[in-house]
Amino acid sequence: MTEKILITGAAGLVGTFLRERLASPGRGLRLSDITELTAGEGEEVISASVTDLEAMTAACQGVDAVIHLGGLSGEFDWPSIMDTNINGTYTVLEAARRAGVPRVILASSNHAVGYYPQGDTDAPDELFPRPDTYYGVSKVAMEALGSLYTDRYGLHVICLRIGSCFEQPRNARMLATWLSPDDCGRLMEAALSTPEPGFRVVWAISANTRGWWSLDAAKSLGYEPKDDAEVYADELESVVDPYDTVIGGAFCSPKYDAPIPGR
Ligand code: 15L
């Protein structure tokens with residue numbers, strides 16, 4: 001079992017799901033965020049930004065693995081995305097390298113490939129990037145940085161292309177893209193414990209009947225999903241967005257077009 005884990009962005013939704021699911025006797029969770037957090041049993045809290053290299057390097061000391069969730073979880077203006085998400089991921093990987101952390105798990109997203117059509121069940125886990133937003137671009141950069149840190153410095157880096165990690169799916173699209181909180185915990189445990197993974201990009205969803213993506217790569221890490229969004233199908237199959245022809249759904253709508261000043 002991985003004994004000491006740093007979770008960045010631990011105050012967010014996925015971080016909150018993971019705290020209770022990764023807690024285990026003999027394991028320490030080091031939680032970092034800029035939002036206030038209270039440490040529970042087996043936890044310690046570090047208030048730090050993912051863009052602060054000194055603070056992140058200190059946070060990485062004595063850690064066996066980093067789960068990097070910190071950053072903006074949706075679309076923002078380019079300077080914010082560049083700083084918090086792209087520079088933040090660089091900073092966390094560089095901090096891990098300096099502190100000698102052997103493994104980093106990166107929370108990538110389906111929005112790295114959001115402009116591909118929905119429903120292609122042959123799409124490989126490493127489907128070539130086709131981001132739907134600046135946020136999606138930051139996830140492509142995250143994966144590229146992870147690849148660099150594996151090839152150049154030998155870190156083990158697993159990029160999870162997360163579908164939709166919420167308590168429950170919220171619309172018809174999520175009947176395919178849902179990653180349940182419990183399966184998220186299971187997938188993280190697999191990513192933490194699989195031996196010598198090198199660099200991986202992996203679809204991260206539950207065992208959804210309507211899922212578009214293969215679970216083979218995730219299962220090769222040891223992931224055994226148990227949930228299926230289908231139990232919500234009756235209430236959700238009519239909840240459809242006009243952009244539900246593409247993976248990113250509503251993220252591909254013009255409402256995410258960056259404004260042109262003066263227009
Ligand atoms: C994501 O990457 C977002 O962080 C989350 O808020 C959802 O929008 C999710 O993708 C999704 O595509 O459903």
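Start at 1 and go down the list; that is how both ligands and their atoms are numbered. Values in this document were obtained by computation on a predicted structure and should not be read as measured data. Hydrogens, waters and symmetry mates are skipped; everything else that's a heavy atom, side chains included, is used.
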message = List the residues meeting salt bridge (charged side-chain N to carboxylate O under 4.0 Å, His left out) with Asp64, not counting sequence neighbours, and say none if there are none.
response =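 Partners of Asp64 under the salt bridge (charged side-chain N to carboxylate O under 4.0 Å, His left out) test: none.
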ask   = Which residues pass the salt bridge (charged side-chain N to carboxylate O under 4.0 Å, His left out) test with Arg210, sequence neighbours left out?
value =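 With sequence neighbours excluded, Arg210 shows a salt bridge (charged side-chain N to carboxylate O under 4.0 Å, His left out) to Glu230, Glu237, given in chain and number order.
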key: Side-chain hydrophobic cluster, 4.5 Å single linkage: members besides Met174   =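 Once heavy-atom contacts under 4.5 Å are chained together, Met174 belongs with Leu13, Phe17, Phe166.
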request  = Give a yes or no answer on whether the side chain of Lys4 reaches the backbone of Cys60 with a donor-acceptor pair at less than 3.5 Å.
outcome  =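 The answer is no, because no donor-acceptor pair under 3.5 Å joins these two groups.
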message = Counting only heavy atoms and a distance below 4.0 Å, can you name the residues contacting ligand 1?
response = Ser73, Ser109, Asn110, His111, Tyr135, Gly163, Ser164, Phe166, Arg173, Met174, Phe251
request  = Can you label the angle between the Tyr135 ring and the His111 ring as parallel, tilted or perpendicular, going by 30° and 60°?
outcome  =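 Tyr135 vs His111 ring planes: tilted.
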task = Grab the two heavy atoms, one from Ser49 and one from Met56, that are nearest each other, plus how far apart they are.
result = O-CE, 3.4 Å
